[in-house]
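Before any comments, here is the structure.
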Amino acid sequence: MCSIYFLLLAILLPCCFEILSLSCSTVMKDTLRYLAGIAGPSGYGSKTTAQQVADNSSSPLHRLTAIITGATSGIGAETARVLAKRGVRVVIPARDIKKAAELKEGIENENPNVEIMLFEIDLSSLASVKRFCTQFLALGLPLNILINNAGIFSQNLEFSEDKIEMTFATNYLGHYLMTEMLIEKMVETAEETGIQGRIINLSSVIHSWVKRDCFSFTQMLNPKNYNATRAYAQSKLANILHAKEVARQLKARNAKVTINAVHPGIVKTGIIRAHKGFITGNSFFFFYIPYFLLLQSCSSLPLRSDSNTKTIGASTSCYVALSPQAQGLSGKYFADCNECNCSALANDELEAQRLWRQTRALIHRRLQYQFPTPS
């Protein structure tokens, strides 16, 4: 299968270089920097592990509480392991409680002193997200870190129990509601402890594929012509826009909580393994993604071995969640533990505000839920 990709690459790349001559040098530089693992301004790069980031954090972590979605496998599981090992109380809302229990047992075997709490949740269900948040808030625990990590890629058109396209419901809507329900607790915790709260939205470089005329809220809820890759990219763009708008609101109220979006890098997540080649399903792939992303679609090609892919993939989430260098940064987009540029559409403040309002109105209609009033 990979031979087909390389053949297509050999045919199409010369055309791309001809058409995009002004940008190709940047693409190649970024690709070489990635492959070589050259560190960026933060001192970290594409070969940095989550453990290295955590070990270099000078902040006392034993007093912190973190919620991590999608933590039963892949990047989320590694993030949970690293944070728990450093003394963070880790809360894992999971759809598969048995799998979450197995993860908890494995981490406890490494370090019996860790504190991990498990809850049941279906992120695609607004009622389930609301139920989890209510249960957590009832415990009266502080909340310092929220990592909106969970994500799916739905190959076929599926709908959630709320009659919303499954990818958009899980990757974006569920995390939007969770953030809105927990953000006042994070603001309160930051004020009481003096420790800045941090929210991290997992996004993807694929967000840059989405063009303005293809980013329609009503179409994302119930697409007429479903395209799996487009739906995934749209959800990841929504994650960045959400971070941008919430960051603006938090800054306006001078809250000691930040929110940022991250691209985890080229990793073999469950999404990639379960949906081989989905990235290459569109002809415009060659015009928007550098060479090394093509390799990601060939899951048999060892860009990163399974032994270290998760810990490298989790490094950027851990960097933004823990590093003193990320202190005060909000509304930014990170990759390989360094701040980087996102698409023009992802930077559109009006688009971010529109999406936030539309989402809020939808959730209010579906749940009859009154969002908490900022203190």
Side-chain angles (χ1 to χ4, degrees), residues 40 42-57 59 61 64-94 103 107 116 123 143-151 171-172 175 178-179 182 186 196-207 235-236 239-240 242-243 246-247 257-272 304 308-327 329-340 342:
S42 69
Y44 300 116
S46 63
K47 293 186 178 180
T48 299
T49 67
Q51 192 65 60
Q52 288 172 329
V53 170
D55 290 344
N56 289 336
S57 175
S59 305
L61 304 183
L64 304 184
T65 299
I67 293 177
I68 308 170
T69 68
T72 57
S73 64
I75 294 170
E78 180 62 14
T79 303
R81 187 191 71 80
V82 170
L83 265 61
K85 185 178 178 181
R86 286 299 309 274
V88 177
R89 177 194 290 124
V90 174
V91 178
I92 301 177
L103 172 73
I107 297 175
I116 300 174
L123 266 171
L143 182 57
N144 307 93
I145 300 168
L146 172 60
I147 302 180
N148 293 320
N149 169 82
N171 296 2
Y172 169 67
H175 286 129
M178 184 178 293
T179 301
L182 298 178
M186 296 192 71
Q196 184 182 77
R198 303 191 188 189
I199 305 170
I200 296 91
N201 283 358
L202 264 287
S203 183
S204 169
V205 68
I206 297 172
H207 81 272
S235 72
K236 292 305 175 180
N239 290 149
I240 300 178
H242 175 232
V246 175
V257 177
T258 63
I259 178 170
N260 294 286
V262 305
H263 165 63
I266 309 306
V267 294
K268 280 187 184 178
T269 64
I271 290 175
I272 297 301
R304 287 176 176 170
N308 65 6
T309 181
K310 297 172 189 175
T311 188
I312 292 175
S315 63
T316 305
S317 294
C318 289
Y319 173 80
V320 179
L322 303 176
S323 176
Q325 293 173 271
Q327 180 81 11
L329 296 178
S330 195
K332 307 298 184 182
Y333 175 67
F334 291 82
D336 293 328
C337 302
N338 286 275
E339 184 181 341
C340 60
C342 52

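A quick note: this is a predicted structure, and the numbers were derived from the prediction, not measured. Scope of the values below: all heavy atoms of this structure, side chains included, with no hydrogens, waters or symmetry mates.
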For the student: nearest non-hydrogen atoms of [X] and [Y], plus distance:
| X | Y | value |
| --- | --- | --- |
| Cys342 | His207 | CB-NE2, 3.4 Å |
| Ala54 | Val82 | CB-CG1, 3.4 Å |
| Ala321 | Ile147 | CB-CD1, 4.3 Å |
| Ala77 | Thr72 | CB-C, 4.1 Å |
| Cys337 | Tyr319 | O-CE2, 3.4 Å |
| Ser330 | Ala247 | OG-CB, 3.3 Å |

Going by side chain to side chain contact (heavy atoms under 4.5 Å, CB included), [X] matches just one of [options]. Which one?
| X | options | value |
| --- | --- | --- |
| Asn148 | Ile68, Thr179, Ile67 | Thr179 |
| His242 | Ile240, Asn239, Val246 | Val246 |
| Leu83 | Thr65, Val90, Ile107 | Val90 |

Review point. Is it the case that Ser42 and Asn338 place a side-chain donor and acceptor less than 3.5 Å from each other?
Key: yes
**Study point:** Distance-only polar pair, side chains of Gln327 and Arg198, donor-acceptor under 3.5 Å
**Key:** yes
Review point. For Thr258, which residues count as a side chain to side chain donor-acceptor pair (under 3.5 Å) partner, sequence neighbours excluded?
Key: none
Check your understanding: Can you find a pair of side-chain heavy atoms, one from Ile259 and one from Asn201, that are under 4.5 Å apart?
Key -> yes
Just verifying a value: how many Å separate [X] [atom1] and [Y] [atom2], rounded to the nearest 0.5 Å?
| X | Y | atom1 | atom2 | value |
| --- | --- | --- | --- | --- |
| Asp55 | Thr49 | CG | OG1 | 7.5 Å |
| Leu322 | Ile145 | CG | CD1 | 5.0 Å |
| Leu329 | Asn260 | CG | CG | 6.5 Å |
| Lys47 | Ser315 | NZ | OG | 13.0 Å |
| Leu202 | Thr69 | CG | OG1 | 7.5 Å |
| His263 | Ser203 | NE2 | OG | 9.0 Å |

**Study point:** Pairs involving residues 316-326, ordered by first then second residue, that meet salt bridge (Lys or Arg N to Asp or Glu O under 4.0 Å) (sequence neighbours left out)
**Key:** none
